[in-house]
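Here the structure comes first, spelled out in structure tokens, and everything after it is commentary.
Position 1 is the first residue of the sequence, and the numbers go up from there. Predicted model, so just to flag it, every value in this text is computed and none were measured. When a ligand or atom number is given, it counts from 1 through the structure's own listing order.
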Amino acid sequence: MSSVLQHVTVQDALVVQAVCGLLAHLIFKRYEPERPLYVALLVLAAPLVLSLLLVTHLPLISSLVVSFVTYNATLLTSILFYRVGPFHPLARYPGPLLCKVSMIYMAIHTYHGKRHEYIRQLFELYGDVVRTGPNEICIRDPAAIDPLMGPTGLPKGPMWIGRSMDPPSLPLIAQQDTTEHHRRRRPWNRAFNTASLKGYEPVVAARVSQLVEHLKGIKGVTKLTHWLDLYVFDFMSDMAFGGGSETMRGDEDNDKFRYLMDSSMQATVILEVLPWLRKVVHLLPGSARELVMFRKMCFQRATHRVQSGSVTKDLFHYLNNEDGAEEVSPPLMRVVSDAALAVVAGSDTTAAILSITFFFLLRNPDVYAKLKEEVDHYYPPGEDACDTQHYPKMQWLDAALNETLRLYPADLSGSQRMPTPGSGGKLIGPYFVPEGTAVRVHTFSLHRDPRNFSPHTDDFWPERWIIGGSDEKSATTPIVHNTAAFIPFSVGPANCAGKNLAMLEMRMLLCCCIQQLEFELAGDLAQDPGKFERQVRDWFILQKGELLVIVRPRVKV
Ligand code: HEM
């Protein structure tokens with residue numbers, strides 16, 4: 001062996017190491033290995049072995065260093081040139097050089113919570129389709145919505161797998177196999193159909209009344225965002241697990257659970273942008289600690305609920321097939337894999353939208369006055385504002401909620417999709433999406449495009465939903481109101497399963513609060529209202545700042 005090595009010149013060795021670096025790129029490209037063991041074999045073990053070619057010419061350490069540098073520099077240069085070069089399948093799509101090179105650049109924007117604003121700026125610069133990563137594009141064109149997410153659209157993208165952190169069974173939202181997704185979606189649809197929603201009404205009403213009574217007793221300034229968080233969390237617990245959370249009454253264990261959810265969002269969204277990191281998290285005990293603890297608590301809560309059986313017709317009544325609608329009941333592991341989805345989707349989203357709606361109403365007294373007038377008309381003092389019968393007629397109520405969802409959709413950057421492996425890619429509207437490309441319609445930018453909504457595109461102007469929806473469009477206010485470009489709950493067979501429930505929770509809470517309470521902005525928000533919007537973070541589910549208010553019972557007239 002050593003005699004063979006003696007015949008290898010330094011030049012030969014360097015060439016072999018460089019060629020192996022190129023081969024490693026081909027392996028990375030073809031197989032996209034994510035397991036740390038395989039990555040370590042390719043990045044560390046291979047140059048270690050190749051260093052033998054130099055040991056007869058150089059000291060051991062120098063052989064190792066030269067081999068490592070030659071091999072990995074070739075690998076990295078090859079990846080870099082391929083990603084920015086004309087042979088990459090996404091070469092035709094414009095975008096910042098650093099985005100083309102690595103997702104790490106987008107991860108930095110994401111870490112700071114301003115990914116939504118950054119991507120919007122990119123559309124202004126590059127047009128309606130932007131390359132936001134080596135293998136990712138974002139689209140700001142309503143023509144892409146249906147082909148991407150409609151009935152014949154694409155399966156979910158890799159972001160959902162990153163977020164889910166490789167549990168034994170993936171949750172519904174991360175199912176990339178459309179047949180499996182359809183199967184897993186059925187119990188969710190039963191849980192939120194019209195009859196089931198009727199069943200949740202008294203449960204929402206009880207939580208709304210509890211919150212309103214609590215707020216009536218508060219003297220002085222309070223953090224409204226905090227109370228809204230507790231309201232949705234306690235209700236989510238009732239809805240998903242048949243109860244067990246009383247944070248509005250000072251239940252510290254559940255408050256810790258809720259706190260873990262909020263504090264793990266930043267880590268979750270980083271795993272969404274860099275899905276391979278989840279493998280590293282598993283290897284480093286203590287990393288993403290809050291996220292790991294939060295997920296564990298979700299599984300424990302769901303396991304406990306499933307093992308205790310149904311008390312009410314809660315979500316797990318359907319997920320665990322306690323309604324007997326499916327021929328075969330799913331295994332426990334699959335049932336509890338949807339626990340974190342139920343907790344996060346069922347609480348953080350609605351809490352964010354409610355908080356922002358209150359903020360906008362308090363910033364826009366004229367709109368608040370109109371909504372108050374509408375609430376007083378349908379629910380004068382003494383009438384039960386939790387009775388849903390008038391909600392469908394309340395145009396200001398829906399206009400205020402829709403306008404908040406337009407400006408701040410809870411999932412600001414939208415849901416990712418990806419062509420099925422082996423399909424070769426798909427034409428999404430006018431854009432060809434090659435296989436291996438993650439793609440999303442960027443909700444925040446779509447909703448804030450004057451070609452879809454104008455005038456006052458960036459302002460809270462709920463009138464647009466009233467004028468835009470009426471037959472007699474005002475000649476004095478020519479408006480653009482493209483409801484096909486309004487997708488806060490996404491669209492198609494994998495859209496938000498809890499849309500109607502979320503709307504019920506939000507409508508009922510607003511009606512009852514406005515009927516019985518007065519609110520006023522307080523703290524530094526009264527002087528600097530823009531601060532609240534500046535505090536918004538795109539950590540997948542919109543994270544909001546604090547909304548301090550003075551709240552008092554309404555004086556009956
Ligand atoms: C204002 C409140 C809410 C908003 C804006 C919202 C929005 C969304 C969005 C954009 C998605 C991604 C859909 C896709 O991948 O295309 C989603 C998924 C989902 N949401 Fe919501 N959501 C809200 C409240 C809720 C509530 C209260 C629940 C009840 C538990 C819920 C349950 C779900 C589920 C189960 C999914 C996964 C659907 C699937 O993959 O088939 N959401 N939501």
Side-chain angles (χ1 to χ4, degrees), residues 145-146 148-151 153-161 163-164 170-178 180-192 196-197 200 203-204 228 231-233 235-241 272 298 302 314-316 318-319 337-357 401-402 404-418 438-444 446-447 486-510 538 540-542 544:
I145 297 172
D146 196 54
L148 187 68
M149 294 180 285
L154 300 183
K156 303 267 181 165
M159 68 177 256
W160 298 109
I161 295 176
R163 293 172 50 80
S164 309
L170 282 172
L172 165 79
I173 204 160
Q175 292 300 329
Q176 292 184 303
D177 176 335
T178 42
E180 179 61 6
H181 178 272
H182 175 73
R183 191 161 71 90
R184 294 279 299 266
R185 178 71 187 237
R186 283 200 304 253
W188 282 89
N189 287 346
R190 294 201 300 280
F192 297 128
S196 306
L197 274 188
Y200 294 129
V203 190
V204 186
L228 294 170
Y231 152 68
V232 289
F233 196 82
F235 169 69
M236 177 282 300
S237 236
D238 299 337
M239 175 278 291
F241 308 111
E272 169 192 316
C298 290
D314 57 17
L315 173 64
F316 278 88
Y318 301 95
L319 296 185
S337 68
D338 277 343
L341 171 61
V343 175
V344 178
S347 58
D348 237 17
T349 48
T350 320
I353 300 305
L354 273 173
S355 297
I356 302 174
T357 308
L401 282 170
N402 281 347
T404 305
L405 284 161
R406 183 185 72 81
L407 288 170
Y408 288 106
D411 172 7
L412 287 157
S413 287
S415 178
Q416 201 187 53
R417 301 287 194 267
M418 190 179 235
V439 52
R440 40 174 128 206
V441 170
H442 194 250
T443 317
F444 180 74
L446 188 77
H447 286 185
F486 179 61
I487 54 164
F489 294 98
S490 185
V491 296
N495 74 343
C496 174
K499 174 184 171 181
N500 294 334
L501 180 69
M503 291 306 288
L504 172 70
E505 281 177 82
M506 296 193 292
R507 287 180 181 131
M508 199 179 274
L509 190 279
L510 281 172
D538 176 8
F540 170 57
I541 305 274
L542 183 157
K544 67 223 176 271

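Interface atoms of ligand 1 facing Leu341, defined by a heavy-atom separation under 4.0 Å, are 35 (C). Here is the list of ligand 1 atoms found below 4.0 Å of a heavy atom in Arg417: 14 (C), 15 (O), 16 (O). Within ligand 1, counting atoms from 1 as listed, the ones closer than 4.0 Å to a heavy atom of Ala410 are 5 (C). The ligand atoms of ligand 1 that sit less than 4.0 angstrom from a heavy atom of Ile353 are 1 (C). Within the listing of ligand 1, atoms 10 (C) sit less than 4.0 angstrom from a heavy atom of Asp411. Atoms of ligand 1 lying under 4.0 Å from any heavy atom of Trp188, numbered from 1 in the order shown and given with element: 30 (C), 35 (C). Remark: ligand 1 atoms within the under-4.0 Å shell around heavy atoms of Pro488 are 5 (C), 7 (C), 10 (C).
Contact annotation for Lys156 and ligand 1: only side-chain heavy atoms (C-beta onward) come within less than 4.0 Å of the ligand. Contacts between Ile173 and ligand 1, counted as non-hydrogen atom pairs separated by less than 4.0 Å, involve both the backbone and the side chain. Proximity of Met159 to ligand 1, defined as any heavy-atom pair under 4.0 Å, is not found for any part of the residue.
Of the possible polar contacts, one joining the Gln175 side chain to the Leu170 backbone as a donor-acceptor pair under 3.5 Å is found.
At the shortest separation from atom 14 (C) of ligand 1 among protein heavy atoms lies Ala494 O, 3.0 Å. Distance from atom 4 (C) of ligand 1 to its nearest protein heavy atom, with residue and atom name: Phe489 CE2, 3.4 Å. For atom 42 (N) of ligand 1, the closest heavy atom belonging to the protein is Cys496 SG, 3.0 Å. For atom 25 (C) of ligand 1, the closest non-hydrogen atom on the protein side is Ala345 O, 3.1 Å. The single protein non-hydrogen atom nearest to atom 12 (C) of ligand 1 is Ser415 CB, 4.0 Å, given as residue, atom name and distance. When only non-hydrogen protein atoms are considered, atom 30 (C) of ligand 1 lies nearest to Gly346 CA, 3.7 Å.
Considering backbone and side-chain atoms alike, Arg185 places an N or O below 3.5 Å from some N or O of ligand 1. The shortest N or O to N or O distance between His181 and ligand 1 is under 3.5 Å. When only interatomic distances are considered, the shortest N/O to N/O separation between Ser490 and ligand 1 falls below 3.5 Å. Considering backbone and side-chain atoms together, Thr349 places no N or O closer than 3.5 Å to any N or O of ligand 1.
Arg184 places none of its side-chain heavy atoms less than 4.5 Å from the side chain of Leu319. Counting heavy atoms from C-beta outward, Tyr408 and Asp538 have side chains that stay 4.5 Å or more apart.
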